[in-house]
Amino acid sequence: MTTNVQSDVAYHARQHGRWHWSEFAYWIAVLAVGLAFPSRYLIMTEIVRLALFALSLDLILGYAGIVSLGHAAFFGVGAYCAGLLSAHGLIDEPLLALIVSGVAAMVLGFVTSFLVIRGADLTRLMVTLGIALLLEALAERFSNITGGTDGLQGIDIKPLLGLFEFDMFGRTGFFYALAVLFVLFLLARRIVHSPFGLSLRAIKNNPLRAAAIGIPVNRRLIAIYTVAAFYAGIAGALFTQTTALASLDVFAFDKSADLMLVLVIGGAGYLYGGLIGALVFRMLQEVFQTITPQYWMFWIGLVLVVIVLVGRQRIHAAALFVPNLILKQLAGRKAVVALSDNEAP
Amino acid sequence: MSIALETRNLEKHFGGLRVTRDLSLKIATGARHALIGPNGAGKTTVINQLTGVLNPTSGRILLEGTDITDLPVHKRVLRGLSRTFQINQLYPDLTPLETIGLAVSERLGRGGDWWRRMGTRDDVNAEIADTLGRFRLLDVMNDRTSTLPYGKQRLLEIAVAIAAKPRVLLLDEPAAGVPEGERKDILAAVSALPRDVTVLLIEHDMDLVFSFADRISVLVSGALLVEGPPDEVARDPQVKAVYLGEAA
């Protein structure tokens, strides 16, 4: 009897971390799309980078409840680090340079985390925003190193693993970025379904109670902020490596702000929000730019307001209405696709 | 007689307000000690200082002879001091299973594991099953906490505190707001605690206090008024005056 209950508990405790068939379907679809549109590698690479960047923000916002308007700081450090490593020929292997750039952003994340974990949401918004602005100004001031507004000159990305040349169609770049995203996604998935990841959700839900069961709240927040900085740094380095560009706008405020939009569109706190949000955001941007090249931000703004007012739940329900209707006919009620209701406020 | 929890000349000021006045308490190991007092006597402020949510203005706090005054909240918990809150402090989006699982993981020092999935350690699972069973929460273990009826949430609040396997447990009005019918579950859970666990109960309900406590401290305006066994405290004229109103 007792062992029955125990195995029951074990089963349900693992339930969250189990792979759902829709997740397999998602990744297979991503790969299929990648193979199906060889003429669209550049924009697809852009989406993958944005997805990784959004995944980074989701780790701190969706799980630990840390709001940030300056996540571009880490993206920028990763981007410049990868650029400098290449321009000065310090590390020729892109993969190694990528990891080093991620670690550079991670160090910055660790150092600034002590400022960020203090205070409440508004303080955090201002501190993160301030740090990103500081770095942008520094990059401009030391233009002898960063190339200033002209961007960093002389970036020449060597073949990946010495084998795969970064071609002008962006094929190598795309599959490289996708592979990096997938590996880091697996790692993030592991982290959020661990006791550590659960303790982050506990802290987000109720920091007072979290401390009262023995969770070292500050240490956990520092840890996840540092990890998220690593992710953002990798996204930035991918940007430099796949475009051979690094300029001041890697630190720009709109970068951080767009990222928030991506998560608002996709939903925070279930990891796929950033991935789906990046795709939808970039597609919307594309569509609106064709309709009204000058005023596409108007439409993005409108979409944002509608999402927040109508609520993502209802939009998801509406979008999934027809597919679910078909699924219900085919496979019964249990097969309907439901998105996680665990979303950011 | 060994002392589980002790305060020495504890003082807490909020601006010019003295909320705790020169409070020296000694709570014996294994005691069922109650801290009572009228509204605004500063009972919860005392609990918050004991657990580290508030820092005392002056004075020391000792847990089993060790000074813990400067330790942060979570370190006190790991040393065996656990509490429940007067108003439920739970995780609305988490399930009872996850809530208890976290408490057990942290106590066993496995809470920081980031490479291992939840539910993969037998010792943790066994304890979760045991705790949920004892508090009759097994049937709702996969429901979101925010959807549970109040009585169940209250049970969970106490279950979390006990899952930390405290040596000293602070109960801040455990039965507050719980309907008569569900009270017995909570009382049963509290009386089923091992005898060597020291319990400090803060309570308004005098029936509960007198049926539970073997020693009572009466707090008035932040200072200790009387301390003694229940029958002595019940007979005390000062206590009567406080509880029956100034008119008496």
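Every chain is numbered from 1, with letters handed out A, B, ... down the list of sequences.
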Considering only heavy atoms, which portion of [X] lies under 4.5 Å from any heavy atom of chain A: side chain, backbone, both, or neither?
| X | answer |
| --- | --- |
| B:Met118 | both |
| B:Asp130 | neither |
| B:Leu102 | both |
| B:Thr120 | both |
| B:Val73 | both |
| B:Val53 | side chain |
| B:Asn142 | side chain |
| B:Arg110 | backbone |

Just verifying a value: how many Å separate [X] [atom1] and [Y] [atom2], rounded to the nearest 0.5 Å?
| X | Y | atom1 | atom2 | value |
| --- | --- | --- | --- | --- |
| B:Trp114 | A:Leu200 | CH2 | CG | 13.5 Å |
| B:Arg116 | A:His193 | CZ | NE2 | 14.5 Å |
| B:His74 | A:Asn218 | NE2 | CG | 8.5 Å |
| B:Glu98 | A:His12 | CD | NE2 | 12.0 Å |
| B:Leu97 | A:Leu198 | CG | CG | 9.0 Å |
| A:Ile203 | B:Tyr91 | CD1 | OH | 8.5 Å |

Testing the basics here: between [X] and [Y], what is the closest heavy-atom pair and its distance to 0.1 Å?
| X | Y | result |
| --- | --- | --- |
| B:Gly112 | A:Arg220 | N-NH2, 3.3 Å |
| B:Gln89 | A:Arg209 | O-NE, 2.9 Å |
| B:Val77 | A:Ile213 | CG1-C, 3.6 Å |

So with a 6.0 Å cut-off around [atom1] of [X], is the heavy-atom count from everything else above 12?
| X | atom1 | answer |
| --- | --- | --- |
| B:Arg8 | CZ | no |
| A:Arg18 | CZ | yes |
| A:Phe110 | CZ | no |

Do B:Leu90 and A:Asn206 have side chains that get closer than 4.5 Å, going by heavy atoms?
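The answer is no; the side chains never approach within 4.5 Å.
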Side-chain contact test, heavy atoms from C-beta onward, threshold under 4.5 Å: evaluate it for A:Asp8 versus B:Met141 and give yes or no.
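In short, these two side chains touch, coming nearer than 4.5 Å.
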Contact winner vs chain A - B:Ala103, B:Ser82, B:Ala126, B:Gly111, heavy-atom pairs under 4.5 Å:
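Highest number of heavy-atom pairs under 4.5 Å: B:Gly111.
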Let's test your reading of the structure: which of B:Leu81, B:Thr99, B:Asp122 forms the most heavy-atom pairs below 4.5 Å with chain A?
B:Asp122
Where the side chain of B:Asp113 meets the backbone of A:Pro195, is there a donor-acceptor pair that is under 3.5 Å apart?
no
Which residues in residues 152-179 of chain B have a heavy atom less than 4.5 Å from any heavy atom of chain A?
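Heavy-atom contacts from residues 152-179 of chain B to chain A are B:Glu157, B:Val160.
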With a 4.5 angstrom heavy-atom cut-off, which part of A:Ala223 approaches chain B: side chain, backbone, both or neither?
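Contact with chain B is absent: no heavy atom of A:Ala223 under 4.5 Å.
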